Amino acid sequence: MATPDSFWLSTPRKDILPTIQSALRDQFVFCDEIADLLSAAFYEPCNVLLWGPGGHGKSEMAVAALRGLGLAESEIFIQSFGEGMSEDRLWGGPDMASLDTCVRYDTTRSFLAPQYKVVIFEELFDAPAQALLPLKDVLTRRVFMNGPERVEMSAKVVIACTNKDPREFAEDSDAVQALMERFLLQKEVRWPGYEAKHYRELFAKVRPGASMGGKQLHTLLSKVIAGLNEDKTFIMSPRMAIQSLEVVSNAARIHGDDIITPDAFQSIRFVQGMQSYTADLARRIEKQLPGGKSVDSASSKELVNIPLSEQDFSHHNAGPLKTPRREIPKMVRETLESRFIHADEIVQVLTHAFFQPCNVLLWGPGGHGKSDMVMTALRALGYEEDEIFLQSFGEGMTEDRLWGGPNIAKLDVCLEYDTDRSFLPYEVVILEEILDASSQALLPLKDVLTRRVFMNGNQGVPMMSKSIVACTNKDPRQFAKDSDAVKALLERFPLQLEVRWPSYEQTDYEALFSKTHPDAGPDRRKLNRIYAHVIADLNDERDAGFHVSPRIALGGLRLAANSVGRHGRRKMIVEDILTIRNVQGMESYKKDVEAMIRSALLEGGVEVLLSDIDERAGRLQGKMEEINAKFEMAKQLDDEARGDVNDEAITAMVDLMSSMDSLKHELLHLQISDPALQKWKKRSETLVDELATEIEAGS
């Protein structure tokens, strides 16, 4: 006898299993058991829990199955839980129209809305107990008491997805244990093996119409990935593998000839998750390529030369940016290399991000110009300032700010946001300090980056952003360990790169100054060289891990040059270089910065020390004249006043003679080999000796 539940799907019961199998087999490997479980959940119907490592497509498989069964997007509700989940968000937010009467929720914006047949909850067990316990009650009774009103739960099936092992969580949390009991069916989602043949099967599903060259690429890339998995400390997920295929194939198109060479495989290092490898990643990749064990790289390139065809590239992305794809590589490279040093890797990762296009995370120590490089590249691609959305996150980031602030005109009816003021309408977006934001802001952002739609009240607002560049000074690997909200969000940035210089030597800073002042004259180039030497020396004196950043270096150089001009000097002295003490980041030095700078100048800036000695000698000359003037003035005073003035002048004379001794000592210890500087030193010695003789005669 048929029951009402028999008719909740348009697909007949007998066709549920084969329909889901067909839908999943088109896209996923090792999916038959998942198809069987989901068919059982929809046949009954009952709730199901899918858990296992990230990147295996738990939510994607659920959505693919539902679409295969004929459900529309409007009948599927997807929501991320996590650390920032609250009752307000769970039940749809406050009903603004009834706030003056009682606390009620706008359940039409929640999973309780009558149009939803299936609900997908992501990262369910990361939520706090205060959200899980009321959810358990509703899943049990299938009714939510919204003030005095009973709201029936229409959804037939709830599919919960989590990267966590629920058995571990259930031991420590009664709320999790109670909630788990409301999910009759449970299944761990992971591959039984991660060998080359498994990745090759995945690629065949992703690129079903691949050419012979494409299939050859799939075979070789599968071998490379399986080789990276060998030590078992890291396993590349299916999602990462698909992105690896994307960047490797795109590398051939970016190169301009659609030919895969060994260099194309090195693009794997930009894929999210590969940051867990150390510097030997390039060697590991080469080892898996034909000829990779040979020292002759030329022979390796001959062995790897795979032509690709049009069907070997992705055609389901968000579409190109404003600049045609073929022009992006050259524009990004020429623009960044003309202004920045050590920009090779960021040129490559931004080229991939804008070429695909896709999201990218740039992280690393502050002061290296991450946002500046992105803005520079986007301007070169034809975007005006008002076409680039830039927003800082940080600890104070809220949902209100993220979605553009509340729509004031509708506040007495419902809580909607003015999304025109958010990033949603913009094609390119820069989000700064993204990892400093709270889970309450990161979780809804992750949802929108996944579905590319923001539910603004009952209205779906499409995300127009094709490429989002997130920047942070934090190490995402550390944050992902401590925060599941961050970990989930990071997976929505398929490309990631740490931005720092490979070295912080004098030559690096000189190259930076040269890029900044390409038309500098001989004196300015000399200043750049000396300042670069001083900064590199300061790095050596600091605790391990600290380097004067490019921003600090450029700011200090500008201050030093300004100090020379402000004081009307022709040549730089130590006092000018010491202005770096006032630059942000230098306040944490506990040592005597002046002593360190003078020591550095002994090796790489003797001319500054000579200028400094000449300057100080001139000042001492002026002091001697002031002292002589005091002695003359004292002669006009009575005996008591004359004695006081003479005592003061004698004390100043003693200090003056001590300062002259210091100048002589510094000159004596200056070791100079350059003939021109030797002549300068001789002139300085003559000046100091004459002044010393004059002082002694005056005393």
Side-chain angles (χ1 to χ4, degrees), residues 523 526-527 529-531 533-538 540-541 556 559-582 586 589-632 634 645-699:
D523 289 341
K526 184 185 294 183
L527 163 62
R529 174 182 60 78
I530 294 170
Y531 205 79
H533 176 84
V534 169
I535 291 176
D537 203 75
L538 289 176
D540 294 338
E541 295 289 340
L559 274 180
N562 289 344
S563 178
V564 176
R566 283 187 294 111
H567 292 92
R569 288 188 283 269
R570 288 189 167 187
K571 298 183 181 296
M572 174 176 285
I573 64 173
V574 175
E575 183 180 301
D576 301 319
I577 298 180
L578 278 172
T579 54
I580 196 175
R581 289 185 297 193
N582 301 319
M586 300 301 296
Y589 266 112
K590 294 188 172 86
K591 297 181 181 178
D592 184 352
V593 176
E594 181 173 358
M596 288 190 291
I597 288 176
R598 288 188 179 278
S599 175
L601 292 172
L602 283 171
E603 299 176 5
V606 174
E607 50 263 68
V608 174
L609 293 176
L610 288 172
S611 294
D612 194 67
I613 289 171
D614 290 347
E615 175 80 11
R616 285 154 61 201
R619 293 177 186 172
L620 294 179
Q621 173 83 45
K623 285 186 178 181
M624 186 190 70
E625 293 172 356
E626 290 175 5
I627 293 170
N628 289 337
K630 283 186 178 182
F631 281 127
E632 287 298 322
V645 172
N646 284 338
D647 289 344
E648 183 182 336
I650 291 170
T651 300
M653 182 65 75
V654 171
D655 292 340
L656 183 62
M657 295 175 70
S658 176
S659 298
M660 288 305 305
D661 289 340
S662 295
L663 287 182
K664 288 182 178 181
H665 182 75
E666 289 179 35
L667 279 167
L668 182 65
H669 286 83
L670 281 181
Q671 302 297 319
I672 299 175
S673 56
D674 183 277
L677 293 179
Q678 285 179 342
K679 290 181 180 179
W680 187 349
K681 181 184 177 184
K682 286 287 186 185
R683 291 196 302 270
S684 297
E685 287 174 338
T686 301
L687 173 64
V688 170
D689 287 341
E690 290 176 352
L691 182 56
T693 301
E694 190 174 346
I695 290 173
E696 289 173 3
S699 62

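Throughout, numbering of the chain's residues begins at 1 and tracks the sequence. What you see is a predicted model; the values in this text were computed from it and never measured.
A distance of 4.0 Å separates CE in Met660 from CG in Leu691, rounded to the nearest 0.5 Å. Rounding to the nearest 0.5 Å places CD1 of Ile577 at 9.5 Å from CD1 of Ile535. Atom CD of Glu685 and atom CD1 of Ile613 lie 9.0 Å apart (nearest 0.5 Å).
Glu575 meets the side-chain hydrogen bond (donor to acceptor under 3.5 Å, both in side chains) test with Arg619; sequence neighbours excluded. Scored by the salt bridge (Lys or Arg N to Asp or Glu O under 4.0 Å) test, Arg683 finds no partners at all (sequence neighbours excluded). Taking the salt bridge (Lys or Arg N to Asp or Glu O under 4.0 Å) definition, one finds that Arg616 meets it with Asp612, Glu666, sequence neighbours left out. Legend: residues meeting side-chain contact (heavy atoms from CB on, under 4.5 Å) with Asp655, ordered by chain and number and at least two apart, are Thr651. Residues forming a salt bridge (Lys or Arg N to Asp or Glu O under 4.0 Å) with Glu648 (at least two apart in sequence, or on another chain): Lys630. In this structure, the side-chain contact (heavy atoms from CB on, under 4.5 Å) partners of Ser684, at least two apart in sequence or on a different chain, are Leu610, Asp614, Leu667, Trp680.
The backbone N or O of Ile573 lies less than 3.5 Å from a partner atom in the side chain of Asp576, making a donor-acceptor pair. Checking side-chain atoms of Tyr531 against main-chain N and O of Ala560 turns up no donor-acceptor pair under 3.5 Å. With hydrogens and angles disregarded, no donor-acceptor distance shorter than 3.5 Å links the side chain of Ser563 to the backbone of Leu559.
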